[in-house]
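The residues of the chain are indexed from 1 along the displayed sequence.
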Amino acid sequence: MHSIPTILLQQLQTLDPGAEFSGTPPRIVSSTGTHYYAKLGSPAEQEQYLGEAESLKHIDAAAPRLAPRVLASGVDGDRPYMISEYKNLTAVGKAAAKELAKRLATELHRYKSLEGFGFAVPTYCGATRLQNGRFHSWEACFGALVGDLLAQLAKKGRYASLCAKGERIQQEVIPRLLGARPLVIQPVLLHGDLWSGNIGQSEDGDPVIFDPASYYGHNEADLAIARIFGGFPESFFKTYHEHLPKTEPVEQYDLRSDLYQLFHYLNHTLLFGVNLQRRNPGCHLRPSFQGHYASSAERKMDILLDAKL
């Protein structure tokens, strides 16, 4: 037990009375045979831990067992902690991918907020603190998310062209693409960072999602990053839309996808820069895309600005 921080041990003993515990965080094993995922953060990580815990709780309410269930979370002194179910995961097979698509379409992306778009607490996509809060419309919510990334990139002083085009996206594209009728978007629960590195398959063959950056927004936004970084078979998207059709107007589906992908390219430009050659320990790095995020973001902007909206 000496390798387990005191606060984690105290919480584990409450969860599993009378048991003995072994292992080193994050994987802890109880003498009763239960495995736990337990971690203790630094004072600077309080918001990240809160955002992750709240995201997982919302996902569990919307789609039970689709994500690890949070068993305990809080702050000890100034250090955040979280204990959840431990999932022994492998790569997602075709059957699990189709099941994931179905569960997203019929459960997670049907779970609506009664308080509008956004989220009650900040969540983090990698190391980036999302501009959450509450918004009356998806146009306002997504505009704030993109605007915050552009403001942070502008402070770096290296992305003048990118930021100039980004301002046009905010002024010309987002209102026309996300605010125009007949588009009707409901604030549904999103994972927020749904790429192949944040999904797995349990020992029972069930899909599992983790490391969320949740908020309430347009369901199609969750599909965008899945298309960027691969790992999702085409059958995933086909199955998804069999259960949840594309939002009208369908003819603008690809442009909306470009816009949602732009957000992630901007975020990765912010996180990793143009020529980063090492992993940032606070984020997920997709190595094959090192050095290409800013140019990819600008290409998406050109497509959107050239479109007839």
Side-chain angles (χ1 to χ4, degrees), residues 47-48 50-52 54-55 58 108-109 111-156 159-181 183-195 212-225 228 247 252 255-271 282-283 293-294 296-298 300-301 303-305 307 309:
E47 273 195 340
Q48 289 96 317
L50 175 61
E52 182 180 2
E54 287 301 308
S55 294
H58 280 242
L108 193 72
H109 293 165
Y111 193 77
K112 297 179 182 178
S113 167
L114 299 178
E115 302 179 52
F117 297 88
F119 208 59
V121 301
T123 56
Y124 284 70
C125 191
T128 301
R129 183 183 190 272
L130 298 185
Q131 183 61 40
N132 285 331
R134 295 297 188 185
F135 299 87
H136 69 282
S137 71
W138 175 234
E139 175 190 346
C141 179
F142 192 75
L145 291 171
V146 170
D148 186 58
L149 294 180
L150 291 171
Q152 293 187 63
L153 286 168
K155 289 179 181 178
K156 292 182 177 293
Y159 303 102
S161 174
L162 188 66
C163 291
K165 286 186 179 180
E167 290 179 6
R168 290 186 61 196
I169 294 294
Q170 283 191 289
Q171 296 168 5
E172 301 172 24
V173 175
I174 291 178
R176 294 176 184 172
L177 201 56
L178 303 185
R181 298 190 180 197
L183 188 68
V184 178
I185 296 174
Q186 300 295 327
V188 298
L189 184 61
L190 307 183
H191 175 280
D193 192 14
L194 192 70
W195 73 290
S214 290
Y215 61 97
Y216 288 87
H218 187 196
N219 63 290
E220 290 177 3
D222 248 1
L223 304 183
I225 191 171
I228 293 176
T247 304
Q252 292 184 342
L255 286 174
R256 294 193 299 267
S257 181
D258 287 331
L259 180 60
Y260 299 150
Q261 288 177 12
L262 171 61
F263 168 83
H264 291 287
Y265 282 128
L266 289 173
N267 186 38
H268 279 66
T269 302
L270 179 63
L271 292 174
C283 324
Y293 299 123
S296 295
E298 196 150 2
K300 290 294 181 184
M301 289 180 177
I303 292 171
L304 291 162
L305 290 169
L309 298 173

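Between His218 and the choices Phe142, Phe263, Tyr260, the ring pair (Phe, Tyr, Trp, His ring centres under 6.0 Å) rule is met once, by Tyr260.
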key: Gln261/Ser296 under side-chain contact (heavy atoms from CB on, under 4.5 Å): CA gap, chis, key distance, verdict   = CA-CA 9 Å; Gln261 288 177 12; Ser296 295; over 6 Å; no
request  = Could you walk me through whether Phe119 and Leu130 pass side-chain contact (heavy atoms from CB on, under 4.5 Å), step by step?
outcome  = CA-CA 10 Å; Phe119 208 59; Leu130 298 185; over 6 Å; no
inquiry  = For Leu183 and Gln252: C-alpha separation, side-chain torsions, deciding distance, then whether side-chain contact (heavy atoms from CB on, under 4.5 Å) applies.
reply    = CA-CA 10 Å; Leu183 188 68; Gln252 292 184 342; over 6 Å; no
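The two residues Gly217 and Trp138 make their nearest non-hydrogen contact at CA-CZ3, 3.4 Å. What you find for Leu190 and Ala221 is that their closest heavy atoms are CD1-CB, 4.1 Å. The shortest heavy-atom contact between Ser55 and Thr123 is OG-CG2, 3.5 Å. Across Glu139 and Gly179, no two heavy atoms sit closer than the pair OE1-CA, 3.4 Å. Residues His109 and Leu189 share a closest heavy-atom pair of CD2-O, 3.1 Å.
Atom-to-atom distance recorded for Asn267:CG and Leu149:CG is 5.5 Å, nearest 0.5 angstrom. Atoms CD1 and CE, on Ile303 and Met301 in that order, are 12.0 Å from each other to the nearest 0.5 Å.
Side-chain atoms of Glu47 never come within 3.5 Å of backbone atoms of Pro122 as a donor-acceptor pair (strictly under, hydrogens ignored).
Counted by atom type alone, His58 and Tyr111 present zero donor-acceptor pairs between their side chains at under 3.5 Å.
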